[in-house]
Amino acid sequence: MILEAIDKDGNLIEFNEKNLRGKTTILYFYPKDNTSGCTQEACDFRDNMNRLLAHADVIGVSPDSIASHQKFQQKQNLNFTLVADVNHELAEQFGVWKEKSMYGRKYMGIERSTFIIDTQGKIAKEWRKVKVSGHVDEVITFLKNI
C-alpha cells in the first residue's frame with residue numbers, strides 16, 4: 001500500500017518502503033500545531049537538528065492543514081518537514097489515530113508517537129504515548145546505537 005500526504009509546501013510525499021529506503025527517517029506524530037506540548041516537541045527537534053541529521057531525516061505529522069503547518073513552521077523557525085495528514089490516513093496506518101478523552105468528552109485524535117524507519121524502509125523502533133520532555137534525547141541515543 002502506498003500512503004500519500006502533503007507537506008507544508010503542498011508537495012506530495014509518498015510513504016512506502018521504496019521511497020524510505022536508503023536513509024533513516026524519524027517520523028513523529030503530534031496532535032496539533034501551536035499547542036504547548038507539540039510546540040515544545042517541535043522545538044526540541046529543531047534545536048537538536050545538527051545532532052539528528054548526522055543520523056536521520058525528520059518528518060513531523062499531524063492532521064492540521066497545510067496553512068496551519070506553514071504558520072507553525074514559520075513562527076517556530078522549524079527546520080524540518082511537516083506533513084498535513086488531514087484525512088489521518090497515515091496516522092491510521094501507523095496505528096496512532098486513537099480515541100482520546102478530555103474533560104469527559106471522547107474524540108478521535110493523534111496519540112503522540114515516534115517511529116524510526118531504517119535504511120531498508122522498515123520500522124526499527126517506535127515510541128507510543130510519548131512524553132515530550134527528554135524524548136528527543138531518547139531518539140538520539142537510539143540512533144547512535146544502530
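Fair warning: this is a prediction, and the values are worked out from it, not measured in the lab. Values below: every heavy atom of this structure, side chains too, minus hydrogens, waters and symmetry copies.
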Between atom [atom1] of [X] and atom [atom2] of [Y], what is the distance when rounded to the nearest 0.5 Å?
X	Y	atom1	atom2	result
Leu78	His69	CG	NE2	10.5 Å
Glu89	Gln93	CD	CD	9.5 Å
Asp33	Leu82	CG	CG	6.5 Å
Thr114	Phe29	OG1	CZ	9.5 Å
Thr25	Phe115	OG1	CZ	13.5 Å
Gln73	Ile66	CD	CD1	12.0 Å

request  = Determine yes or no for a side-chain-to-main-chain donor-acceptor pair under 3.5 angstrom, with Asp85 supplying the side chain and Ala91 the backbone.
outcome  =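 Checked: pair present.
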
query = So, Asn48 side chain and Leu52 main chain: donor-acceptor pair closer than 3.5 Å or not?
reply =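 The answer is no, because no donor-acceptor pair under 3.5 Å joins these two groups.
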
request  = With sequence neighbours left out, write down each residue that passes salt bridge (charged side-chain N to carboxylate O under 4.0 Å, His left out) with Glu126, or none if nothing qualifies.
outcome  = Arg128

request  = Only counting residues at least two apart or in another chain, list the ones meeting salt bridge (charged side-chain N to carboxylate O under 4.0 Å, His left out) with Asp44.
outcome  = none

note = Students should find that the hydrophobic cluster of Tyr103, defined by side-chain heavy atoms under 4.5 Å apart, otherwise consists of Met102, Tyr107

inquiry  = Does anything in residues 98-112 form a salt bridge (charged side-chain N to carboxylate O under 4.0 Å, His left out)? List the pairs, not counting sequence neighbours.
reply    =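 Every salt bridge (charged side-chain N to carboxylate O under 4.0 Å, His left out) pair that includes a residue of residues 98-112, provided the two are not neighbours, is Glu41-Arg112.
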
key: Closest contact, heavy atoms only, Pro31 versus Asp64   =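 Looking at all heavy atoms of both residues, the closest pair is O-OD2, 4.2 Å.
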
remark   = All heavy atoms of Ser68 vs all of Ser65, minimum pair found to be N-OG, 3.1 Å

Under the side-chain hydrogen bond (donor to acceptor under 3.5 Å, both in side chains) test, residues paired with [X] that sit two or more places apart:
X	value
Asp57	none
Ser113	none
Glu92	His88

What about [X] and [Y], same hydrophobic cluster or not, with Ile/Leu/Val/Met/Phe/Trp/Tyr joined at side-chain heavy-atom distances under 4.5 Å?
X	Y	result
Val83	Val96	yes
Leu90	Phe45	no
Val58	Ile123	no
Val130	Ile116	yes

message = Do the side chains of Arg51 and Asp137 get close enough for a salt bridge, i.e. N-O under 4.0 angstrom?
response =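 Salt bridge flag = yes for Asp137 with Arg51.
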
query = Taking the six-membered ring of Trp127 as reference, does the NZ or CZ atom of Lys129 fall below 6.0 Å from its centre and within a 45° cone about the axis?
reply =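 No cation-pi geometry.
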
Who are the side chain to side chain contact (heavy atoms under 4.5 Å, CB included) partners of [X], not counting sequence neighbours?
X	answer
Ala56	Thr24, Ile26, Leu143
Asn79	Arg46, Met49
Thr35	Lys32, Cys38
Lys144	His55, Ile140

task = Taking the side chain as every heavy atom from C-beta outward, state whether Ile59 and Phe80 have any pair of such atoms under 4.5 Å apart.
result = no

ask   = With side chains defined as the heavy atoms from C-beta onward, is the minimum distance between Ile110 and Trp97 less than 4.5 Å?
value =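 The answer is yes; the side chains approach within 4.5 Å.
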
message = So, using ring pair (Phe, Tyr, Trp, His ring centres under 6.0 Å) as the criterion, who are the partners of Tyr30 when residues are at least two apart?
response = Tyr28

inquiry  = Is it true that, when you exclude Asn50 itself, more than 12 heavy atoms of the residues, nucleotides or ligands shown sit nearer than 6.0 Å to its CG?
reply    =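 Atom CG in Asn50 is not crowded, with 12 or fewer foreign heavy atoms closer than 6.0 Å.
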
